[in-house]
Amino acid sequence: MGFIQRERRERSQRWAEMVQWWPTRRVFLDSRMMTAHSISQFVTTFRQNPNFIIIGYVGAVLELADHLQRTGEQLPGLQSVSVTAAPLDAASRAQLERVFNVPVLNQYRSAEIPWIAAQCRQGSNLHILASHRYVEINQPGSGSKPAARSGNLLITDFANKVFPLVKYDIGDTSSFAEGTCLCGSSLPMLRPVDGRVTDTLRLPGGRAITGGLTGLFNKYPHAVRQFQIFQGEDRSLTLRCIATNAAALPDIERARADLASLVEGLVPVSVQLVDTIPHDRGKSRIVQTEVPRS
């Protein structure tokens, strides 16, 4: 497997893990220090020891995809890509599927509580690893009862016997998915994470919009490779987009109009076409704001 994430461990710790997981081969790329040289080294090592799976932060895996597009290199033997650490919007998924030409699967995990839920190849929802994690959704005025509406996720970790986390408010929002998956699993399902609690647009009059912003390009998944909503100190919104091509401009304008409708015209919404959207140590940020939290 190839891992693209923040790497804080010493070399001796990485070697101990390699021995523990032998004969599995593991290749690492530190998302904090992604350069053309480090990505090229990762690709070379990957090609020398073909891996079946890449697991990484959304923003970091997008960086790898951009590198492969520029260089024309390929990753032989790759069967799937799993991404985590940020919501996977439709535009980013489409971009990754175009470049890697393999299924792109969504994972939900964190540094505090690893492997909470994961997507299978049969559906878009995430199976909760219920034998190890208990997931609740907290909504204002409704306690932590399961509900179809989105709310703050509370996670209890059954596997942590050293420092148990109970009803841990992880800072993300989502909702439960009803029905059963085509794969036949009986595990409870979670809809893809809407976003971080901090991914909030603050409008005049005290109104705030939280969650659901990752779906802005769901109707136009091939219009952009990546996008970000920037809110300035004056509360105005700028939709930063990496367009796939000139033909995508009408769809980008439709997305801008959708965002303007969402904020009900309370603040101006403009579009800015950019070549890159910097990630935060491999993590993509859907919302970047200069408005202080009140």
Asker: Would you find more than 12 non-hydrogen atoms of other residues, nucleotides or ligands less than 6.0 Å from Trp15 atom CH2?
Answerer: no
Asker: Return all side-chain donor-acceptor pairs below 3.5 angstrom for residues 97-107, not counting sequence neighbours, or 'none' if the list is empty.
Answerer:
from: Arg98; atom 1: NH1; to: His222; atom 2: ND1; distance (Å): 3.4
from: Arg98; atom 1: NH2; to: Gln95; atom 2: OE1; distance (Å): 2.8
from: Gln107; atom 1: OE1; to: Arg109; atom 2: NE; distance (Å): 3.2

Asker: Is it the case that atom CD in Gln74 sees more than 12 heavy atoms from other parts of the structure closer than 6.0 Å?
Answerer: no
Asker: Could you tell me the separation between the CD1 atom of Ile242 and the CG atom of Asp66, rounded to the nearest 0.5 Å?
Answerer: 6.5 Å
Asker: For a quick check under 3.5 Å, do Asp258 and Tyr220 share a side-chain donor-acceptor pair by atom type?
Answerer: yes
Asker: Looking at Arg235 and Arg202, would you say the former's side chain and the latter's main chain have a donor-acceptor pair under 3.5 Å?
Answerer: yes
Asker: Ignoring hydrogens and geometry, is there a side-chain-to-backbone donor-acceptor pair from Thr156 to Lys167 under 3.5 Å?
Answerer: yes
Asker: Tell me, with the steps shown, if Leu68 and Val43 meet side chain to side chain contact (heavy atoms under 4.5 Å, CB included).
Answerer: CA-CA 9 Å; Leu68 296 177; Val43 171; 4.2 Å; yes
Asker: Using modelled atom types and a 3.5 Å cut-off, is there a donor and acceptor pairing between side-chain atoms of Ser92 and backbone atoms of Leu88?
Answerer: no
Asker: How far does CD1 of Ile137 sit from CG of Leu153, to the nearest 0.5 angstrom?
Answerer: 5.5 Å
Asker: Please check if the side chain of Ser82 supplies one atom and the backbone of Ile55 the other of a donor-acceptor pair under 3.5 Å.
Answerer: no
Asker: Between the main-chain N or O of Gln41 and the side-chain N or O of Thr45, is there a donor-acceptor pair closer than 3.5 Å?
Answerer: yes
Asker: For atom CD of Glu290, decide whether the heavy atoms of other residues, nucleotides or ligands shown that lie under 6.0 angstrom number more than 12.
Answerer: yes
Asker: Under the ring pair (Phe, Tyr, Trp, His ring centres under 6.0 Å) test, which residues partner Phe217, sequence neighbours left out?
Answerer: Phe227
